[in-house]
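Scroll down for the structure; my scribbles are underneath it.
Values below: every heavy atom of this structure, side chains too, minus hydrogens, waters and symmetry copies. Per chain, numbering begins at 1; letters A, B, ... match sequence-line order.
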Amino acid sequence: MEEFRVPVEEETYISLLKVCEWNRATQEGTRVYSRISKSTTHLSIRLGNALLSMFVRFGNLLDACLSIDPDLMTMTSVISASELLGDEKFGRGVHGYVIKAEFGIDVSVNNSLIQMYSSVGNFEEAEKLFCRMGSKDVVSWTAMISGYEKNGLPDKAVETYNQMEFEGVTPDEITIASVLSACASLGLLDTGIKLHELSNKTRLIEYTIVRNTLIEMYSKCRLVDKALEVFKQIPEKNVISWTSIISGLRINNRSLEALKFFRQMKLSLKPNLVTLVAALSACARVGALTYGKEIHAHVLRSGLGFEEFIPNSLLDLYVRCGRMDYAWVQFNAHKEKDVSSWNIILTGYAERGDGKLASDLFQRMIDEGVNPDEITFIALFCACSKSGMVDEGLEYFNVMKNRYSITPNLKHYACIVDLLGRAGFLQEAVEFIEKMPMKPDPAVWGALLNSCRIHKQVELGELAAKCIFEMDSESVGYYVLLCNLYSDSGKWYEVARVRKMMNERGLTVDPGCSWVEVKGSVHAFLSGDESHPQTTEINAVLEGLDERMKTAGFEIPRNSLADKVEASKADIFCGHSERLAIGFALINTVPGMPVRVTKNLYMCGDCHNMVKFISKVVRREITVRDTEQFHHFKYGICSCGDEGYWRRLSK
DNA sequence: GTAGGGTTAG
């Protein structure tokens, strides 16, 4: 840069600073700064802000602060800049300056300080400031509420909101949005509904942000139809409205509908990264490989292929669709792999019951200098459990605590109970639970109950169930497990008793549903649904296969449609919908083409047998991904160890 | 004349 020969106007400095800032020209920028500080003793606010903005972009906050004689507005900018960069130390420095320069009575300055402290998780400081503030406004309250909400303390957020209401402060749309978000994460439907009513009364409902968070709240409280209703009422839906409803449907197991909304959205709006991640997640849940690949092509074309969560979402898509080949291509193409990338691919092998490969991968991950996190170990425990690698699993449990200093949480304990129990070490599993340093939750007992089902240990299973229902009598999954334990053990009277209990408590099991992709689009099959136009043909194919199985000397699986006496076998909650999906795929695809099915429940033993047989006689590879694992059928053999490790043990 | 604080979706 040339020396300036003429007196330079402020405007010129500002332009120069902007050029340096945008070109990240640190040295030149610093030279301009030193020239400015030599040529003038007084900085105008505009010049100060330009300098500040440049230094902030360079990450040099100290210079940023020293370069100016800040006023109130500049102070708030500096504070929010330090929050943006997560630099609490600097923020504290500014705080000190605020006190010295007597800015401390300004509400806005204090609000930004509260925000800064709570966003770095320093609630002690934020609360202290908040309490000491002579005059608080709605922004101060909202800063506290959203601070709690975003940093994992949603209950404190709701509490603070109640306090605010008590003190007679009127909330605005941002307050409502923040507290609704907290209700969403807590599943506080009652409070959420009250806020909805309040929004109607105060007309705050007119703000799209309020409706958007209502969509989130209702979705997370499992009332996705209510969310749809709110969505329809938004006159000008923005990207967040669409993304909220797409992910709302996704988390309520309505991914196919979610994709429908995604398509519709694209007619009028451009999806952003968050939308794309939600859409990819929906694709992954229903095995929509072709559509997912289209999105992949689209993100590559628009240069977003390696932005933020996109690479890992794509990886997850391929793993869940059972395409480990694509998954590896994606994994290797992604240069900035993080621990999640490794976790996704590890989970893939865990779901396939490939403990050996998972443990090799774990070693590779360590060798490449990636630090495992708690999810890594959950994946590892699952892999070990499904492969019967008990000793290895227990060893990882020690390694996790001792080498990686990760304190086991309830999920880890549940995994270990599963590891021991599945392998038949039920007594050890019980002792393990007794020695836990915290109160076992329903999931821990659920792992034991599942093991009891596998090993037909009715009495111990009943004990586990009793512990579960004392804490959680709402989750249907545990009733299903208990029913299956009884039915596997031939205790029909008990099965009927549990089912009656479920009815009395108004609990229903999701209907069985299977998805299959044929010629690029996904078709859904509900168990027992005969409304599909090709039902007759599908049934004919399945009956034909039944015949062939009979001739081949197989035990004939019962036909789900003719299934009248329900509580008579281990598969009462399977629904057999995968049979319909497979039948449909066989009719509509060319011979030899692999069939990939995804289902929302566990696959029962009968279906497992039947699919094994089908894969043999029609000479097709058939993949069924159920809620627990992948079953890859080929030549009459399943990848889960023919009948699955746990199935063999239970015989 | 303009500017600063709290803002929803993964």
field: Polar side-chain contact N312(A)-dG10(B) base: donor and acceptor under 3.5 Å
entry: no

message: So if I take every side-chain heavy atom of F309(A) and compare against dG10(B), dG6(B), dA9(B), which nucleotide ends up nearest?
response: dG10(B)

Touch class at under 4.0 angstrom, heavy-atom based, for S108(A) against every strand present: base

- request: Ignoring the backbone of T76(A), work out which of dA9(B), dG10(B), dG4(B) is nearest its side chain.
  value: dG4(B)

query: Could E149(A) and K156(A) be called an ion pair, given the rule that one side-chain N must be under 4.0 Å from one carboxylate O?
result: no

message: Can you tell me which nucleotide in dT8(B), dG10(B), dG6(B) comes closest to the side chain of S181(A)?
response: dT8(B)

task: Could you state the atom-to-atom distance from CD of Q233(A) to P of dT8(B) in whole Å?
output: 22 Å

- request: Check whether any side-chain N or O of S178(A) sits under 4.0 Å from OP1 or OP2 of dT7(B), and answer yes or no.
  value: no

field: Interatomic distance, Y161(A) OH vs dT8(B) P [rounded to whole Å]
entry: 17 Å

Side chain of N272(A) - closest among dA9(B), dG4(B), dT8(B): dA9(B)

Length of the line joining I79(A):CD1 and dG6(B):C1', which is rounded to integer Å: 14 Å

query: Out of dT8(B), dG10(B), dT7(B), which has the shortest distance to the side chain of S247(A)?
result: dG10(B)

field: Side-chain N,O (K150(A)) to OP1/OP2 (dG6(B)) below 4.0 Å
entry: no

- prompt: Does any donor-acceptor pair link the side chain of D137(A) with the base of dG6(B) at a separation under 3.5 Å?
  reply: no

